[in-house]
Asks: 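Please see the structure below; I have some questions.
Just so it is clear: chains get the letters A, B, ... in the order the sequence lines come, proteins before strands, and each one is counted from 1.
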There are 2 protein chains.
Amino acid sequence: MTTASTSAPRWLTDEEQRVWRAYLHATTLLEDHFDRQLQRDAGMPHTYYGLLVQLSQAPRRRMRMTELARNAKITRSRLSHAIARLEKNGWVRREDCPSDKRGQNAVLTDDGLAMLRRSAPGHVEAVRQAMFDRLTDEQVRSLGEIMRTLATGLEPEGTDADLPWLR
Amino acid sequence: MTTASTSAPRWLTDEEQRVWRAYLHATTLLEDHFDRQLQRDAGMPHTYYGLLVQLSQAPRRRMRMTELARNAKITRSRLSHAIARLEKNGWVRREDCPSDKRGQNAVLTDDGLAMLRRSAPGHVEAVRQAMFDRLTDEQVRSLGEIMRTLATGLEPEGTDADLPWLR
DNA sequence: TCTATCTAGTTCAACTTTCAAGAAAAGGTC
DNA sequence: GACCTTTTCTTGAAAGTTGAACTAGATAGA
């Protein structure tokens with residue numbers, strides 16, 4: 001008999017534990033670092049900044065809410081609150097979707113774009129300093145492959161998976 | 001003249017952009033994944049679970065608040081709230097530090113240890129499924145090195161750095 | 001000693017995120 | 001069309017986090 005719930009747990013090896021710990025430390029510190037950098041220089045957390053970046057790269061600087069949530073890997077609820085806040089700042093506005101009356105488009109305003117242009121150089125520099133300047137080309141390549149693998153693992157093709165933007 | 005604020009920004013290359021995006025996607029999905037797994041199976045977010053793990057591995061199952069914050073890479077404020085919540089659950093209790101009257105020890109209770117033993121197998125399994133089962137040995141090794149490098153970069157030896165637990 | 005400064009930890013208010021519930025439109029089936 | 005289900009997005013309350021202010025005790029220098 002070997003069901004998941006009763007079989008002996010496959011504990012992590014010493015190396016795996018060290019890697020897992022290092023992963024948690026690094027990601028926690030990096031998130032804290034960029035949140036602070038952007039709160040200071042752009043007046044918003046990193047997640048919100050990422051939303052503006054997405055919008056700035058979308059055709060006509062606008063995107064359907066669910067699509068934006070999918071790109072950002074967050075729930076629609078979280079996105080609703082975030083967009084409400086960014087709207088209050090004047091960096092985004094909402095717009096009814098012409099083809100689907102349930103739908104909303106989030107639109108990056110001129111002010112939003114300006115804010116983005118102002119803060120982008122500083123943020124890119126911070127990303128460089130904290131990440132790319134510290135890794136060899138080979139490590140960057142490897143990190144990309146690893147992260148793509150892990151992300152794909154959590155959002156498989158077919159998908160009955162519990163994805164944030166479908167919740 | 002080449003000051004940080006006026007020189008042309010060193011934008012990310014296409015590959016760097018892809019790696020950065022993949023990093024954000026993977027870490028966001030992983031955090032969401034483990035937070036949900038632990039909220040479901042242990043009734044607490046991943047950060048809180050990590051605190052119990054730390055305490056369980058500390059001598060006499062206790063640790064000074066600031067020390068715990070340093071290990072978890074979080075602020076003392078955040079830790080105060082977290083411990084208050086865990087105390088309400090009966091999994092941790094506070095204890096005055098004998099040698100420093102300002103100090104507090106967070107102590108893992110028997111109930112806390114029991115809860116940890118109950119939920120550890122499921123969590124380890126989740127970590128395996130989402131991370132280690134998907135990577136080659138070489139990738140695991142590489143990930144460890146990369147994450148150690150990035151973490152060290154944000155908390156250098158000497159240190160005038162803006163570290164969460166010193167704020 | 002007296003005083004200034006620093007460290008440990010907590011607290012409050014503001015902000016962000018989650019979770020569950022709900023309104024409104026779309027899509028499918030008979 | 002009438003009915004049921006699904007999709008889209010929002011809301012409100014509870015939980016978690018942040019940043020600044022604060023208390024109390026430790027530390028160091030005159």
Asks: Could you point out which residue of B/Gln39, B/Gln37, B/Glu31 forms a side-chain contact (heavy atoms from CB on, under 4.5 Å) with B/Asp35?
Replies: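 Only one option passes, and that is B/Glu31.
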Asks: Hydrophobic clusters join Ile, Leu, Val, Met, Phe, Trp and Tyr when side-chain heavy atoms are under 4.5 Å apart, directly or via other members; which others share one with A/Tyr49?
Replies: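 Same cluster as A/Tyr49: A/Leu38, A/Met44, A/Tyr48, A/Leu51, A/Leu52, A/Val53, A/Leu55, A/Met63, A/Met65, A/Leu68, A/Ile74, A/Leu79, A/Ile83, A/Leu86, A/Trp91, A/Val92, A/Leu108, A/Leu113, A/Met115, A/Leu116.
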Asks: Closest-nucleotide mapping onto DNA chain C: is A/Ile74 or A/Asp100 further toward the 5' terminus? I mean the 5' end.
Replies: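 Closer to the 5' end of DNA chain C: A/Ile74.
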Asks: Got more than 12 heavy atoms from elsewhere within 6.0 Å of CZ, B/Arg40?
Replies: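 Counting other residues, nucleotides and ligands, CZ of B/Arg40 exceeds 12 neighbours.
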Asks: Donor-acceptor pairs under 3.5 Å, side chain of residues 143-154 of chain A to any protein atom, not counting sequence neighbours: which ones?
Replies:
| residue | atom | partner | partner atom | Å |
| --- | --- | --- | --- | --- |
| A/Glu145 | OE1 | A/Arg141 | NH1 | 3.2 |
| A/Thr149 | OG1 | A/Glu145 | O | 2.9 |
| A/Thr152 | OG1 | A/Arg148 | O | 2.6 |

Asks: Give B/Arg36 one of three labels, base, sugar-phosphate or nothing, depending on what nucleic acid heavy atoms sit under 4.0 Å from its own.
Replies: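 Since only primed, P, OP1 and OP2 atoms lie under 4.0 Å of B/Arg36, the category is sugar-phosphate.
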Asks: With sequence neighbours left out, write down each residue that passes salt bridge (Lys or Arg N to Asp or Glu O under 4.0 Å) with B/Glu157, or none if nothing qualifies.
Replies: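 Partners of B/Glu157 under the salt bridge (Lys or Arg N to Asp or Glu O under 4.0 Å) test: none.
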Asks: Mark up nucleotides 9-16 of chain C, 5' to 3', with B wherever a protein heavy atom is under 4.0 angstrom from a base atom, S wherever such an atom reaches only the sugar-phosphate, and - elsewhere.
Replies: BBBB---S
Asks: Residues two or more places apart in sequence or in another chain: which of them pass ring pair (Phe, Tyr, Trp, His ring centres under 6.0 Å) with B/Trp20?
Replies: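 With neighbours one apart ignored, the set is A/Phe34, B/Tyr23.
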Asks: At what distance, to the nearest 0.5 angstrom, does NE2 of B/His123 lie from CZ of B/Arg128?
Replies: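 Between atom NE2 of B/His123 and atom CZ of B/Arg128 there are 12.0 Å.
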Asks: Take atom NZ of A/Lys73 and atom C1' of C/dT18, then tell me their distance rounded to the nearest Å.
Replies: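 After rounding, the reported distance stands at 20 Å.
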Asks: Considering only heavy atoms of chain A and a distance under 4.0 Å, specify the first and last nucleotide of DNA chain D in 5' to 3' order that meet this criterion.
Replies: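 Contact span on the strand: D/dT7 to D/dG19.
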Asks: Just the rounded figure in Å: distance from C1' of C/dA8 to CE of B/Met63.
Replies: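 One finds 16 Å between C1' of C/dA8 and CE of B/Met63, rounded.
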Asks: For the side chain of A/Arg76 and the backbone of A/Trp165, is there at least one donor-acceptor N/O pair under 3.5 Å apart?
Replies: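 Yes, A/Arg76 side chain to A/Trp165 backbone: donor-acceptor pair under 3.5 Å.
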Asks: In whole angstrom, what separates B/Glu31's CD from C/dT17's P?
Replies: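 For the pair B/Glu31 CD and C/dT17 P, the rounded distance is 10 Å.
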